[in-house]
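To start, the structure itself, in structure tokens.
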Amino acid sequence: MDKFESLRAFTQVVISGGFAAAAREMGLSRSAVNKLVIALENELGVQLLHRSTRVVTPTETGLAFHERCLEILASLEEAERSITQLHEEPRGRLRVNAPMSFGTMHLAPALADFLVHYPDLQVQLTLNDRFIDPLEEGFDVTVRIAKPQTSASLIVHPLGVAQRVLCAAPSYLETHGIPAHPFELRHHSCLHYGQLAVEDQWILIGADGDHTISVTGVLCSNNGEVLREAAVRGLGITLLPRFIVEPELQQGSLQIVMPDYHPPELCVYVIYPVNRHLSTKIRLLVNFLQGQFGHHPERNGSIG
């Protein structure tokens, strides 16, 4: 029995609603399609279809098996396509999503270099700080800066870590004092991610253990550059990835607060749907990004 041909026949019968329609789609005789499905049922030892003179519908087992068959056949098709493309220049469109600040400061120049190497590709880059669902919104590749995640429907490749720092303008610290312990942040204006209606919680780790502090301030935003500019203007203390504030730290317009306490690092990783893991253009982009961001021994894998 040609198992893949039997899987194709079964899925086509379900999709078409009958053997005759499936046979027309596959360019086979009705009896040939019927034999393929019967052979599959015999191999599995289960009934996959309810048959009547007018309509063919999947059994409960058949419906569940149909979903798995679609995934298997899609992966097979992608594998066949990837082998063909090994001898061709990658072409087509890649939809990429990334956080705003990381996208403008780091990803944009990397993608420009990538496109120089592969001029037949077109990249559609969407930047936002909203936590998107790449499957629902149709992105081929998504870059995230967050806690590590696992998903049965997504493949995750780490790129590095994003160190975060507490920092504030010297003018703010001169006026309000320099906190020496995380608990003192409760008495400061803290510029944070989130909503003004709720408190944000910052976790800081020091020699005396982990501290979870509820903070509030005059401004919150879902964009790090907004918080950075507010901190530079002396509006409070902020907690941001170092790559966002590194120029200001070097210039002295911001300075690190409580260097003996540090927040947990965030992972920078790229994700893409499982059913696209054999796509040549996605594999090329992921490998390129890992080369750009994943191998910085002088920074211990840190980005920024």
Side-chain angles (χ1 to χ4, degrees), residues 71 74-146 148-151 153-163 223-225 241-247 250 265-304:
E71 296 175 8
S75 295
L76 177 62
E77 181 181 348
E78 191 63 53
E80 293 171 343
R81 189 183 302 118
S82 70
I83 293 300
T84 301
Q85 291 174 347
L86 284 176
H87 305 288
E88 300 176 356
E89 282 296 313
R91 63 185 68 248
R93 186 180 69 169
L94 276 170
R95 295 193 66 215
V96 181
N97 176 265
M100 184 72 69
S101 299
F102 183 80
T104 57
M105 299 174 70
H106 290 283
L107 186 60
L111 286 178
D113 290 340
F114 177 73
L115 290 172
V116 168
H117 286 86
Y118 303 104
D120 291 329
L121 286 173
Q122 299 91 42
V123 172
Q124 178 182 325
L125 176 61
T126 301
L127 300 178
N128 56 50
D129 292 315
R130 178 172 56 87
F131 194 85
I132 64 103
D133 183 336
L135 294 172
E136 185 176 313
E137 301 191 34
F139 286 103
D140 298 303
V141 174
T142 300
V143 178
R144 281 193 180 149
I145 301 178
Q149 77 164 60
T150 57
S151 171
S153 58
L154 296 169
I155 292 179
V156 180
H157 285 290
L159 297 181
V161 294
Q163 294 180 340
N223 180 262
E225 291 167 283
R242 186 162 189 137
F243 71 81
I244 294 180
V245 297
E246 187 62 38
Q250 296 293 333
E265 293 177 336
L266 295 178
C267 291
V268 183
Y269 54 91
V270 60
I271 59 178
Y272 55 90
V274 168
N275 62 0
R276 300 181 196 175
H277 71 285
L278 292 176
S279 168
T280 300
K281 57 188 179 182
I282 290 178
R283 186 172 67 250
L284 286 172
L285 177 58
V286 170
N287 289 344
F288 185 85
L289 293 179
Q290 287 181 312
Q292 290 286 303
F293 303 118
H295 304 287
H296 299 286
E298 73 282 1
R299 296 186 302 188
N300 297 318
S302 299
I303 294 175

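Hydrogens, waters and symmetry mates play no part in the numbers below; they use all other heavy atoms, side chains included. Just so it is clear, the structure is predicted and the values come from calculations on it, not from any experiment.
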Quiz prompt | side-chain contact (heavy atoms from CB on, under 4.5 Å), paired with V143, selected from L127, L107, N97 | solution = L107
Self-check item: Contact summary for S101 and G224, nearest pair of heavy atoms
Solution: OG-N, 4.1 Å
Quiz item: Ignoring hydrogens and geometry, is there a side-chain-to-backbone donor-acceptor pair from R93 to Q124 under 3.5 Å?
Solution: no
Quiz prompt | Whether Q122 side chain and D120 backbone form a donor-acceptor pair below 3.5 Å | solution = yes
Any [X] side-chain heavy atom under 4.5 Å of [Y] side chain:
X: T126; Y: E137; value: no
X: F114; Y: Q292; value: no
X: L121; Y: L115; value: yes
X: M105; Y: E246; value: no
X: P134; Y: R144; value: yes
X: V270; Y: L285; value: no

Self-check item: Option passing ring-ring contact (aromatic ring centres under 6.0 Å, His included) with H157 (candidates Y269, F293, F288, Y272)
Solution: Y272
For the [atom1] atom of [X] and the [atom2] atom of [Y], what is their distance to the nearest 0.5 Å?
X: L266; Y: I145; atom1: CG; atom2: CD1; result: 7.5 Å
X: L289; Y: L284; atom1: CG; atom2: CG; result: 11.0 Å
X: L125; Y: L94; atom1: CG; atom2: CG; result: 11.0 Å
X: D133; Y: T142; atom1: CG; atom2: OG1; result: 9.0 Å

Exercise. Please work out whether the ring planes of F243 and F102 are parallel, tilted or perpendicular, with thresholds of 30° and 60°.
Key: perpendicular
